[in-house]
Amino acid sequence: MLDPKFIRENPDVVKDACRKKRIDVDVDRLVALDGEMRDIRRKLETLKAEQNARSKQMPSLSAEGKAALRAELKVLSDQVSEGQNALKALEPELEGLLLRVPNIPAPEVPDGKDDTENVELRKVGTPRVFEFTPKDHVELGTSLDLLDTERAAKIAGSRSYFLKNEGALLELAVLRFALDHMVASGFTPMIVPHIVNEDAMRGTAYLPGGEEQAYQLTRDDGWLIGTSEVPVTAYHSGEILNASQLPIRMAGWSSCYRREAGTYGKDTRGIYRIHQFMKVEQVILCRNDAEESRKYHAEILGHAETILQKLELPYRVVNVCGGDLGRPQVQKFDVETWMPSRNGYGETHSASRFHDFQARRLGLRYRDENGDVKFCHTLNNTVIASPRILIPLLENHQNADGSVTIPECLRPYMNGRTKIGPKG
RNA sequence: GGAGAGGUGGCAGAGUGGUCGAAUGCGGCGGUUUGCUAAACCGUUGUACUGGGGUAAACCCGGUACCGGGGGUUCGAAUCCCCCCCUCUCCGCCA
């Protein structure tokens with residue numbers, strides 16, 4: 001959410017943001033409505049002030065005086081409730097508009113309509129040239145008995161999977177490797193609730209707008225998280241932190257649940273796009289300062305890159321264009337890892353900064369050295385998401401004999417094993 | 001799932017219809033005292049919105065709202081009524 005005052009004073013900046021992000025919000029209506037409500041509120045305050053002042057006389061009056069005053073105040077009281085009703089009638093529309101206004105994208109966000117117009121910033125590592133016909137991760141997973149999507153479909157429907165044997169162990173290994181890297185980098189590891197309330201979903205700006213992508217509990221109130229960003233970012237919601245606590249670095253570990261509505265027929269093979277996966281997510285809460293945000297954005301991007309380098313995987317970093325940016329982000333860098341079966345790079349990480357967009361919704365604040373209360377800035381990025389990361393891991397590290405070499409950094413987490421070979 | 005208790009300021013904890021944004025204690029901040037520290041004493045200390053003064057800052061003076069959330073009664077609600085959420089205790093069930 002943006003500061004209503006900012007919207008009021010900079011309607012053109014907001015309209016530009018809508019254009020750049022291809023998001024349709026009636027900014028003029030919002031400003032008009034805001035003005036109307038402010039007028040009503042001002043009148044209402046005057047009425048309430050009078051009401052309060054005169055009510056104070058009540059205890060000192062005689063019985064007759066009380067009766068007379070009571071009759072007078074009844075008139076005032078009716079006017080007050082009239083104004084309150086008028087406000088209440090307008091509130092839902094204003095709130096709806098306010099929640100839908102997008103954050104202002106940074107100037108360095110490229111123009112563009114969708115992910116085809118994202119701008120590549122750098123490539124790291126060279127895609128491997130195979131001297132044999134490489135298998136894709138489904139063939140590898142099946143022949144090595146690491147993965148079973150057919151039986152998963154039987155009991156859980158499409159976009160499901162079982163990980164087996166070294167496949168299961170490899171997932172835990174890569175997650176734990178990633179988490180350990182973050183802990184060593186000063187992040188607090190967090191295992192989080194997977195079911196959260198609507199406040200957390202709205203606060204992190206997944207709602208409204210993301211209803212189609214998130215699983216909602218119907219018998220009970222609650223939503224299944226699509227990422228631990230939700231509970232981790234909301235962890236300090238409603239609090240006023242001390243500036244000396246910032247930045248707060250947290251690494252959330254959770255399963256993630258996504259409906260993938262509207263993606264029928266897209267990425268159906270294998271474990272690229274699935275309903276449930278495991279992810280370690282990095283979140284930073286920092287001061288309300290654009291430069292500081294930028295600095296930590298680079299930091300969290302760096303953590304992801306370091307991890308991919310240690311996993312010996314080629315990747316590229318793209319600057320996500322306006323049309324592919326979400327409503328809440330100021331800027332987003334995607335990291336895409338080389339996947340031989342796609343003969344291309346596939347998104348494995350997404351690093352965003354939000355300025356105070358989420359913090360404002362969450363009531364996430366801090367008191368600075370001058371005693372001023374300010375909204376924090378929030379940022380987040382994937383550390384590792386599995387099993388998607390198993391795709392490049394298996395495919396890039398496969399050998400001619402059908403085995404897969406375990407990259408060195410994961411071996412301590414795989415009981416020292418160097419290879420995954422055929423069974424039996 | 002059943003029965004009961006409770007949710008008040010950073011924390012603890014009073015307050016059962018008006019003079020309560022809210023006693024008191026702790027903590028925080030400023031000061032006095034002190035060779036230094038501690039102690040003691042004095043003062044100060046919520047958030048948001050809003051009107052005015054001031055240089056759009058600092059700051060000053062007013063107003064409104066907020067005592068888990070929402071609704072109701074009333075001239076007036078932290079206080080009474082209804083609904084919801086959360087926490088705790090006991091019982092049941094289960095890992």
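Lettering follows sequence order; numbering is per chain, from 1.
Separating the NZ atom of A:K66 from the P atom of B:G17 is a distance of 14 Å, rounded to the nearest angstrom. Between the CZ atom of A:R8 and the C1' atom of B:A56 there is a distance of 15 Å, rounded to whole Å. Atom NZ in A:K5 sits about 10 Å away from atom C1' in B:U50, given to the nearest Å. Going from atom CG of A:L47 over to atom C1' of B:G51 covers 15 Å, rounded to whole Å. The CD1-C1' distance, from A:I7 to B:C49, rounds to 16 Å in whole Å. Atom NZ in A:K48 sits about 18 Å away from atom C1' in B:G51, given to the nearest Å. Between A:I240 atom CD1 and B:C29 atom P there is a gap of 17 Å when expressed in whole angstrom units. B:U50 atom C1' lies 14 Å from atom CE of A:M37, rounded to whole Å.
When Watson-Crick and G-U wobble pairs are counted only if both distances are under 3.5 Å, B:C88 pairs with B:G4. Across all strands shown, B:G27 forms a Watson-Crick or G-U wobble pair with B:U45, both key distances being under 3.5 Å. Pairing for B:C80 goes to B:G72, judged as Watson-Crick or G-U wobble with the two contacts each under 3.5 Å. As the counterpart of B:G9, no nucleotide is assigned, since no Watson-Crick or G-U wobble pattern has both distances under 3.5 Å. The partner of B:C67 cannot be assigned: no Watson-Crick or G-U wobble pair with both contacts below 3.5 Å exists in any strand. Remark: B:U32 base-pairs with B:A40. Criterion, Watson-Crick or G-U wobble with two distances under 3.5 Å. Using N1 to N3 plus N6-O4 or O6-N4 for Watson-Crick, or N1-O2 and O6-N3 for G-U wobble, each under 3.5 Å, B:G62 pairs with B:U50. Across every strand in view, B:A95 sits unpaired, with no contact that passes the Watson-Crick or G-U test at under 3.5 angstrom.
Within the 4.5 Å cutoff, side-chain heavy atoms of A:F162 are placed close to those of A:I155. Looking at heavy atoms from C-beta onward, A:T405 lies in side-chain contact with A:R411 at the 4.5 angstrom threshold.
In the model, A:E305 has a side-chain atom that pairs as donor or acceptor with a side-chain atom of A:Y315 under 3.5 Å. Between the side chains of A:K279 and A:T382, not a single donor N or O lies within less than 3.5 Å of an accepting N or O.
B:A78 and B:G70: their P atoms are spaced 13 Å apart (whole Å). B:C26 sits 34 Å from B:U50 when the C1' atoms are compared, rounded to a whole Å. Comparing B:U33 with B:G52, their C1' atoms sit 42 Å apart, to the nearest whole Å. A gap of 16 Å separates the C1' atoms of B:U16 and B:G6, to the nearest Å. For the P atoms, the distance from B:G76 to B:G72 is 12 Å, rounded to whole Å. For the P atoms, the distance from B:A23 to B:U45 is 11 Å, rounded to whole Å. As rounded to the nearest Å, B:A14 and B:G21 have C1' atoms that lie 15 Å from one another. B:A5 and B:G18 are spaced 30 Å apart, taking the C1' atom of each and rounding to whole Å.
Within 4.0 Å (heavy atoms only), A:R54 reaches no atom of the nucleic acid at all. A:V373 comes within 4.0 angstrom of the backbone, heavy atoms only, and of no base. Within the nucleic acid shown, A:R38 comes within 4.0 Å of sugar-phosphate atoms alone, with no base atom in reach, counting heavy atoms only.
Geometrically, A:R361 does not engage A:F354 in a cation-pi contact defined by less than 6.0 Å to the ring centre and at most 45° from the axis.
Under the side chain to side chain donor-acceptor pair (under 3.5 Å) test applied with A:T263, the options A:R258, A:R159, A:Q213, A:R273 reduce to a single match, A:R159.
Residue pairs that meet the salt bridge (charged side-chain N to carboxylate O under 4.0 Å, His left out) test with at least one member in residues 65-75 of chain A, sequence neighbours left out, are A:R54-A:E72, A:K74-A:D78.
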Where protein sits on nucleotides 68-76 of chain B, one letter per nucleotide: B base, S sugar-phosphate only, - none, heavy atoms under 4.0 Å: -------BS
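Of the residues near RNA chain B, A:E45 and A:R41, the one whose nearest nucleotide (by heavy atom distance) lies more toward the 5' end is A:R41.
Remark: aromatic rings of A:Y272 and A:H137 are distant, center separation not under 6.0 Å.
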Residues A:F187, A:H303; criterion ring-ring contact (aromatic ring centres under 6.0 Å, His included); working and verdict: CA-CA 11 Å; A:F187 284 69; A:H303 291 309; 5.3 Å; yes
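Of the listed nucleotides (B:U47, B:U64, B:U50), B:U47 has the atom at the smallest distance from the side chain of A:R367.
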